[in-house]
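Accompanying notes for the structure given below.
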Amino acid sequence: MFQQRLAWIAGFRANQRCFSTKSVPKAEIKYTSTINLPKTKFPARLSAEKRAEIEQQLRKTSLNKLYSWNRRALPAEHEFILHDGPPYANGDLHMGHAVNKILKDLILKHKIISGTRVHYVPGWDCHGLPIELKALEAFHRRKNKGAGKDPTVRSSAHEIRTIARQFALETIAKQKDGFESWGVTGAWSDEAEGYYRTLDPRYIRAQLRLFYELYERKLIYRDLKPVYWSPSSQSALAEAELEYDEEHQSPSLYLKLALENRGASCTAIDQQQLGNRAEIYAAIWTTTPWTLPANQAICYNPALAYSLVQSTSGDILLVGHDLIDYLSEQLERKFTVLQTLPGTALQSLRYHHPLNREEILPFLPAAHVKAEKGTGLVHTAPAHGPDDFLVCLQRNIPIKNLINEHGLYNEQAPSFLRGKYALTEGNQLVTNELSKTTLKLGTLVHSYPIDWRTKQPVMLRASDQWFIDTNGLKGRALEEVRSVEIFPRTSADVSKKVIEGQLQKRPYWCISRQRAWGVPIPVLYDSVTNVPIANKSLLAVIEDRLAKESSIDFWWTAPLEELVPAKLLEQLGYESCEQLEKGKDILDIWFDSGVSWLTVLGKDRTADLYLEGVDQFTGWFQSSLLTSVAARDKAPYKAIFVHGFAVDEHGMKMSKSLGNVICPKQIASRYGCDALRWWVTAHSIQNTSIPVSHKLLESSAENVQKMRGILKFLLGVIAPSGSERGKVTHTIQNSCLHHVDRYFLEQLEKFARNVHELYDSYQYNKATAVILNFCLSTLSGLYLHVIKDRLYCGSREEHANLKAVLDHTYHVLSKALWPIVPFLIEESWTYYEKDAFYSSPRRAQSNISFQPVPQSVQAVECALDLRHAIYQQAQLNVNTWLLELEVRCNGNDLSLLSVLHPTLERPESSSELCELLQIGAVNLREGTAGESRFAISVAKSDKPLCQRCRRFLLPSAEHLTCDRCSTILHKLSQ
């Protein structure tokens with residue numbers, strides 16, 4: 001049916017072009033004043049300058065007041081809460097910001113226009129390394145202005161924080177202006193319910209309280225563990241702060257480690273069979289030779305079988321039995337199996353450390369050892385691997401940590417390594433040192449973690465850090481996730497598996513960072529034992545001072561005597577503040593932003609929706625979930641909506657270096673904010689990659705322009721003038737409705753319901769398609785065209801009823817379009833009503849109590865099928881109002897068409913069927929049509945058309961107007 005309609009529209013418009021202005025009698029001009037042509041000052045087009053001016057004016061007078069109106073005027077029951085994930089205050093707005101904020105605004109505006117009060121408090125993530133690095137760059141530029149760089153100049157934490165805060169606040173101001181310029185609804189003021197910033201004292205105070213609460217419940221603890229460490233940032237990193245270099249090159253080292261006393265401690269080894277060979281070795285494989293100085297054990301799997309094999313070079317090696325063929329291929333040598341023994345037999349073996357033969361180390365059983373690659377024996381350095389760490393922890397083996405925070409070997413390392421950078425020089429020096437015991441040294445290209453900000457490689461390194469016990473939380477967190485709805489629903493199953501998988505594999509969450517710009521972990525340490533001291537009284541002192549100051553900088557600047565008064569010192573059991581040290585760590589920014597629900601929602605409320613990019617399954621979605629489950633045993637959200645990332649038309653990530661950046665500010669300036677919003681609505685949720693191109697943006701701008709044209713026509717018919725604005729009510733009289741009117745009103749009702757349902761289920765791309773199809777096909781292509789004669793030339797009663805129908809249409813269409821193109825709708829509404837669209841009482845009023853008539857719908861659909869057949873079968877190259885048709889069809893179609901054309905066999909030009917077909921006269925007959933549904937004969941009339949309406953045929957050339965127009969002209973002359 002839809003394709004038929006498009007053909008119908010195409011045929012009709014082709015036919016329109018056949019009208020010739022030369023054939024219009026000159027006398028027609030005297031009838032112009034008698035025709036009800038649409039009249040409105042609403043502009044058909046806007047220049048870029050005028051559009052920017054109108055958008056700015058509408059923000060000031062209307063859209064900037066929307067959120068406060070919503071909170072004041074709409075009922076508080078069933079409030080919809082959309083919690084804003086804080087964008088990072090680190091630079092100019094990009095297309096990712098536009099996608100995120102506009103999608104959120106679509107949801108909010110739909111809820112508001114549907115009568116639901118919304119709660120949306122925008123926020124900003126203000127802390128973290130990227131801002132700190134910019135602060136450091138600014139500091140060094142300031143210190144070294146006009147001179148060479150002085151490496152001895154070091155910035156204090158306070159200086160860094162001052163510059164970082166200024167940078168963040170300036171960025172927030174610019175981003176806020178940008179979000180508001182797009183028409184985004186929200187609490188943009190800094191009043192009680194205003195936007196939040198992670199640097200605000202009230203936000204920090206709530207965060208510190210939660211830290212202490214979880215610490216007291218032992219869900220937060222301090223421990224020495226291997227964590228991802230970035231030497232380039234000199235800080236621990238969370239999983240979410242990692243990226244992966246897929247082309248990273250690492251050494252691939254197969255190494256032999258000599259067994260103590262040729263493995264004599266293992267009774268399962270038949271020494272007599274082996275003879276008096278010099279050594280027996282355990283073979284290991286590693287891609288991190290720099291960790292070998294910290295080797296403290298070899299792990300094996302008791303469930304596997306192991307073999308002693310002799311290679312063609314004469315070495316006797318202990319390897320996993322199932323890996324012999326694999327190793328033969330990797331090492332390019334043949335092996336002869338001498339003995340095979342069970343994995344359990346290895347527990348008594350010992351071996352010599354690879355770099356210090358005097359150090360004898362154990363074999364340890366471990367389930368993480370697999371027979372998939374490698375040798376079946378795993379080099380174990382607990383300072384540099386979570387599995388290694390856990391295995392040694394269970395046996396109380398002290399951790400050997402030889403790497404400092406800069407990634408350099410410390411004084412405990414072998415002398416040839418001290419002060420060397422482990423990831424580069426360390427690999428080279430260690431492999432050189434071990435050349436005599438190397439079985440093979442190659443290069444492995446593989447995926448390797450890098451710091452998401454500096455893009456430099458990271459390492460696993462043991463250090464004293466603060467952790468959240470995710471093992472104690474993940475069970476409950478997984479239960480909560482299973483009840484969370486995920487949108488778009490097309491990818492919900494995959495998305496849910498992603499977040500569940502991330503939760504299940506996470507052994508712990510390191511929440512401490514070794515930086516200056518962030519929220520301090522307000523803990524004291526014993527200066528001798530380094531034992532942490534956390535105390536409610538200390539928290540009270542911090543809170544009290546935080547309430548009086550604009551920041552928490554005092555943690556770095558105030559002496560301990562101010563933070564630990566005598567009474568508290570005595571309570572802690574110390575005689576002097578010299579026995580204490582202030583902690584220097586800050587909280588992980590994922591903890592920092594992840595507890596935003598606490599400030600915005602409080603301990604009781606749950607957000608209806610979180611909406612962010614798909615990458616937040618490993619970031620904000622997860623940190624919010626874990627902190628909320630820890631604090632209140634429930635998820636902070638009922639549903640999650642995820643979107644993808646903006647790319648160029650070739651699928652490439654946008655970057656300045658590639659020169660393919662299209663920024664939202666440029667788009668808004670060139671095409672208008674509504675065009676930007678239309679692009680987001682139509683394209684941002686289909687795939688994880690969202691294409692941005694001028695072709696798509698131009699198409700979006702064209703679609704907005706089409707909507708403007710339709711609104712201009714409607715306003716030209718319905719808009720009251722002067723003092724009538726806001727007072728005149730158009731009421732539909734059911735008794736005056738034509739069948740096509742009833743058909744259209746039913747289509748309009750279906751359209752409104754369909755768009756509402758698509759908005760409710762966040763299917764915005766489908767909503768734009770439905771809106772375009774309805775507006776261009778059903779509304780403009782069919783209804784507005786068919787009723788033009790009645791509208792322009794009909795009686796006052798006809799005009800009044802059509803005006804009421806179009807008034808209702810304008811209301812429905814404005815409501816459907818407002819979430820997408822609010823500037824266009826608010827602008828058009830100023831020509832209709834004094835109030836803003838969203839707050840106008842008339843917007844919610846209904847001027848229709850319409851009951852669908854199935855017979856009308858069926859009859860009109862049959863007529864539209866006939867129209868399609870006419871344009872398929874007949875070559876129409878003249879004014880169709882001059883044509884007379886004879887149509888033969890079956891009894892069922894004849895019955896339906898007769899509803900629109902009661903006088904079947906008499907040529908009749910005033911029927912609704914003629915109006916729908918745009919044909920001068922029609923004869924309907926029952927008969928066979930062969931293979932076709934309709935048999936159509938076309939004849940051209942030689943009668944003239946009415947000079948007023950150009951719609952009805954006249955009896956002769958002596959007549960100037962048809963009977964209908966003559967009657968109307970007579971009434972007008974009275």
Side-chain angles (χ1 to χ4, degrees), residues 81-89 119-128 168 193 195-221 238-241 465-470 472-474 476-477 480-481 499 503 506 508-513 515 517-523 534 539 542-543 546 551-552 555 585-607 609-612 616-637 640:
I81 302 174
L82 172 54
H83 181 39
D84 189 35
Y88 200 54
H119 179 281
Y120 177 70
V121 178
W124 276 273
D125 186 358
C126 308
H127 295 130
E193 202 185 46
Y195 58 83
Y196 71 92
R197 303 172 300 191
T198 59
L199 56 69
D200 288 332
R202 68 185 179 101
Y203 189 97
I204 293 173
R205 186 163 56 249
Q207 187 176 357
L208 296 182
R209 285 177 183 170
L210 181 62
F211 176 88
Y212 273 98
E213 178 187 330
L214 299 184
Y215 174 78
E216 288 183 342
R217 292 168 51 197
K218 302 192 184 308
L219 289 172
I220 287 180
Y221 61 95
E239 182 73 39
E241 296 171 296
Q465 302 289 345
W466 288 90
F467 298 90
I468 285 184
D469 181 14
T470 51
L473 299 172
K474 67 175 59 174
R476 179 60 183 155
E480 286 292 292
V481 163
I499 193 168
L503 285 169
R506 192 171 196 167
Y508 42 79
W509 174 11
C510 176
I511 60 167
S512 49
R513 297 292 181 270
R515 306 300 306 184
W517 178 231
V519 176
I521 297 179
V523 174
L539 176 62
I542 295 170
E543 282 195 56
L546 193 56
S551 75
I552 198 169
W555 181 259
D585 293 343
I586 63 168
L587 285 163
D588 172 25
I589 58 168
W590 292 109
F591 184 88
D592 198 14
S593 63
V595 300
S596 58
W597 55 266
L598 182 59
T599 298
V600 178
L601 304 177
K603 282 292 188 78
D604 300 321
R605 288 185 296 178
T606 301
L609 186 68
Y610 272 35
L611 187 158
E612 300 300 328
Q616 295 307 318
F617 279 126
T618 59
W620 191 63
F621 291 152
Q622 192 172 150
S623 63
S624 300
L625 174 67
L626 288 170
T627 54
S628 181
V629 167
R632 54 185 194 167
D633 202 38
K634 66 178 182 179
Y637 39 71
I640 286 174

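Keep in mind that this is a model prediction, so the values were computed, not measured.
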Could you check whether the rings of Tyr215 and Tyr212 sit parallel, tilted or perpendicular, using 30° and 60° as the cut-offs?
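If you compare the ring of Tyr215 with that of Tyr212, the planes turn out perpendicular.
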Should the pair Tyr610 and Phe621 be assigned to parallel (<30°), tilted (30 to 60°) or perpendicular (>60°) ring geometry?
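Answer is tilted, since the angle falls between 30° and 60°.
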Gap between atom [atom2] of [Y] and atom [atom1] of [X] - 0.5 Å precision:
X      : Y      : atom1 : atom2 : answer
Arg476 : Leu626 : CZ    : CG    : 13.0 Å
Ile468 : Phe591 : CD1   : CZ    : 5.0 Å
Asp588 : Trp466 : CG    : CH2   : 15.0 Å

For [Y], does its backbone N or O pair with a side-chain atom of [X] as donor and acceptor, under 3.5 Å?
X      : Y      : value
Thr198 : Cys126 : yes
Trp555 : Pro522 : no
Arg209 : Glu543 : no
Glu612 : Gly85  : yes
Arg605 : Trp597 : no
Ser596 : Ser593 : yes

Mind checking side-chain hydrogen bond (donor to acceptor under 3.5 Å, both in side chains) for Gln207 and listing every partner two or more places apart, or none if nothing turns up?
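By the side-chain hydrogen bond (donor to acceptor under 3.5 Å, both in side chains) rule, Gln207 matches Asp592.
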Give the minimum heavy-atom separation between Ser623 and Gly594, together with the two atoms involved.
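Residues Ser623 and Gly594, closest heavy atoms: OG-CA, 3.5 Å.
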Applying side chain to side chain donor-acceptor pair (under 3.5 Å), run through Trp620 and Asp125 and close with a yes or a no.
CA-CA 11 Å; Trp620 191 63; Asp125 186 358; over 6 Å; no
Option from Tyr203, Trp517, Tyr88 for which ring pair (Phe, Tyr, Trp, His ring centres under 6.0 Å) with His127 holds:
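Only one of Tyr203, Trp517, Tyr88 forms a ring pair (Phe, Tyr, Trp, His ring centres under 6.0 Å) with His127, namely Trp517.
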Asp469 and Lys218 ion-paired at < 4.0 Å:
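The answer is no: the pair does not qualify as a salt bridge.
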Qualifying residues under ring pair (Phe, Tyr, Trp, His ring centres under 6.0 Å), relative to Trp124, sequence neighbours excluded
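Residues passing ring pair (Phe, Tyr, Trp, His ring centres under 6.0 Å) with Trp124: Tyr195.
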Identify, with sequence neighbours excluded, every residue that meets salt bridge (Lys or Arg N to Asp or Glu O under 4.0 Å) alongside Arg205.
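So Arg205 forms no salt bridge (Lys or Arg N to Asp or Glu O under 4.0 Å) with any residue.
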